[in-house]
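Numbered from 1 within each chain, the chains take letters A, B, ... in sequence-line order.
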Number of protein chains: 2
Amino acid sequence: MAVAPDTAADLVYQIFDLQRAVRCIAAAGVRGQDTGVALQGVLRFVGEGESRATKLAERLGVSAPVLSRHIADLEEQGLVVRRQDPEDGRAQLVALTPAGKDKLRQIEEQRTAILQDYLRDWSEADAGNTAKTLHKLTESLKKSARATAAGIPSTPEEQKHG
Amino acid sequence: MAVAPDTAADLVYQIFDLQRAVRCIAAAGVRGQDTGVALQGVLRFVGEGESRATKLAERLGVSAPVLSRHIADLEEQGLVVRRQDPEDGRAQLVALTPAGKDKLRQIEEQRTAILQDYLRDWSEADAGNTAKTLHKLTESLKKSARATAAGIPSTPEEQKHG
DNA sequence: TATTGTTATACTCTATAACTATA
DNA sequence: TATAGTTATAGAGTATAACAATA
């Protein structure tokens, strides 16, 4: 049953090693650009369709003040527009401008090209399987982290104390 | 040959999604602690054996000033010690103190326990394969990033121009 | 009262530039 | 000259607290 401690420990280190490698590559890619990786992340989710700020913050995993600032920055760059939610006077709806769509497309094309180049000796199947593996890992982490944050006991011991 | 654009684009997003999930979990784990994730990373590599600061910075993928500050912080916390390299008057050798070893072990145990818990419905084989997959991806990225940084042309077009 | 969003402030992590000391 | 390391400074990204406006 479950995962052995040594395997879990190895997996932790593999995750952090990947983080480090990605950080270096991403940092090199945005050097001298106005739109840093955080703003790029916001653009991505706004690009999936007009959305509330609250919803965006949740999907991005950042706090509301952080998102508020990012939206303000993107608006200043002319990449997004805000309008009031017709169904809720407190809320805003954020959407990409044409310039924002261009920017997002450009960012995606650049990233895709770099990764294609970096993985040029990989097979299509390897890349596809890796994407699936990452997705599965991320979903497990998000699900468990949500449950933990909500105070749901996870181990049998904790459940007894509950 | 190689990886299709759509697959590469998907993989990029899977990588960033994992980063986000891990950031949230890691941030929650170090809340209120002296030893943040960056210092924990330094501890890990120092824990593999007494090492030069330069070597550590390279392995961590950070600049020399950043590592210098981290080492100073860890020394202040009594977790590492520095001594001059007997073979090079300019260089230092950094090693864990007993307290540093304790701290590293405690960090690893805590992380391992959390990941084991989060992946409690995973099989040992799935976890092992995921670790291997991450390792392969990281190695490909690091290798290509190194080559790019060194100015080695990567695409046939660029090679022709060289 | 609870929720949406903003502003003010501070912390973590990182980088570049300028420097000292040694090779 | 080149390398190892430090200090000073700046920037990106994030969080908490306090607030205003609306539900």
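Between the side chains of Arg111(A) and Gln40(A), at least one donor N or O lies within less than 3.5 Å of an accepting N or O. Under the 3.5 Å distance criterion, with hydrogens and angles disregarded, a donor-acceptor pair is assigned to the side chains of Thr35(B) and Gln77(B).
Each of dT6(D), dG5(C), dC13(C) was ranked by its minimum atom distance to the side chain of Val37(B); first place goes to dC13(C). Comparing atom distances between the Arg90(B) side chain and each of dT3(D), dT4(C), dT7(D) picks out dT3(D) as nearest. Nearest to the side-chain atoms of Pro65(B) among the listed nucleotides dT14(D), dA15(C), dT16(C) stands dT16(C). Of the candidate nucleotides dT6(C), dA15(D), dG5(D), dT6(C) has the atom nearest to the side chain of Arg82(A). Listed nucleotides dG5(C), dT14(C), dA4(D) differ in distance to Gln92(A); the shortest reach to its side chain belongs to dG5(C).
Counting to the nearest Å, the C1' atom of dG5(C) and the CG atom of Leu60(A) are 16 Å from each other. Between the CD atom of Gln40(B) and the P atom of dT14(C) there is a distance of 12 Å, rounded to whole Å. For Arg83(B) and dG5(D), the CZ to P distance is 13 Å, given to the nearest whole Å. For Gln33(A) and dG13(D), the CD to P distance is 11 Å, given to the nearest whole Å. When rounded to the nearest whole Å, the span between NZ of Lys55(B) and C1' of dT3(D) equals 16 Å. Summarising the geometry, the separation between CG on Leu67(B) and P on dC13(C) is reported as 13 Å, rounded to the nearest angstrom. Distance CG (Asp34(B)) to P (dC11(C)): 13 Å, rounded to an integer number of Å. The CG-P distance, from Leu43(B) to dC13(C), rounds to 12 Å in whole Å.
Heavy atoms of Asp88(A) sit under 4.0 angstrom from primed sugar atoms or phosphate atoms, though from no base atom. Residue Val66(A) is in base contact, counting any heavy-atom pair closer than 4.0 Å across all strands shown.
The 5' end of DNA chain D is approached more closely, in terms of each residue's nearest nucleotide, by Thr35(A) than by the other of Gly89(A) and Thr35(A). Nearest-nucleotide mapping onto DNA chain C: of Arg31(A) and Ala72(A), the residue sitting toward the 5' end is Ala72(A). With DNA chain D read from its 5' end, the first of the two nearest nucleotides for Glu87(A) and Arg52(B) is the one closest to Arg52(B).
A salt bridge (charged side-chain N to carboxylate O under 4.0 Å, His left out) with Glu50(A) is found for one member of Arg83(A), Lys55(A), Arg82(A) and no other, namely Arg83(A).
Of the possible polar contacts, none joining the Thr7(B) side chain to the Val3(B) backbone as a donor-acceptor pair under 3.5 Å is found.
Connection of Val37(B) to Leu43(B) is not established within any shared hydrophobic cluster, with ILVMFWY side chains joined at heavy-atom distances below 4.5 Å, either directly or through further cluster members.
Environment of CD in Glu48(A): crowded, with over 12 heavy atoms of neighbouring residues, nucleotides or ligands closer than 6.0 Å.
Side-chain nitrogen and oxygen atoms of Gln84(A) include none within less than 4.0 Å of the OP1 or OP2 phosphate oxygen of dG5(C). Within the 4.0 Å cut-off from OP1 or OP2 of dA15(C), at least one side-chain nitrogen or oxygen of Ser63(B) is found. Between His70(B) and the phosphate of dT14(C), there is a side-chain N or O to OP1/OP2 separation shorter than 4.0 Å. Close to dT6(C), at under 4.0 Å from its OP1 or OP2, lies no side-chain N or O of Arg69(A).
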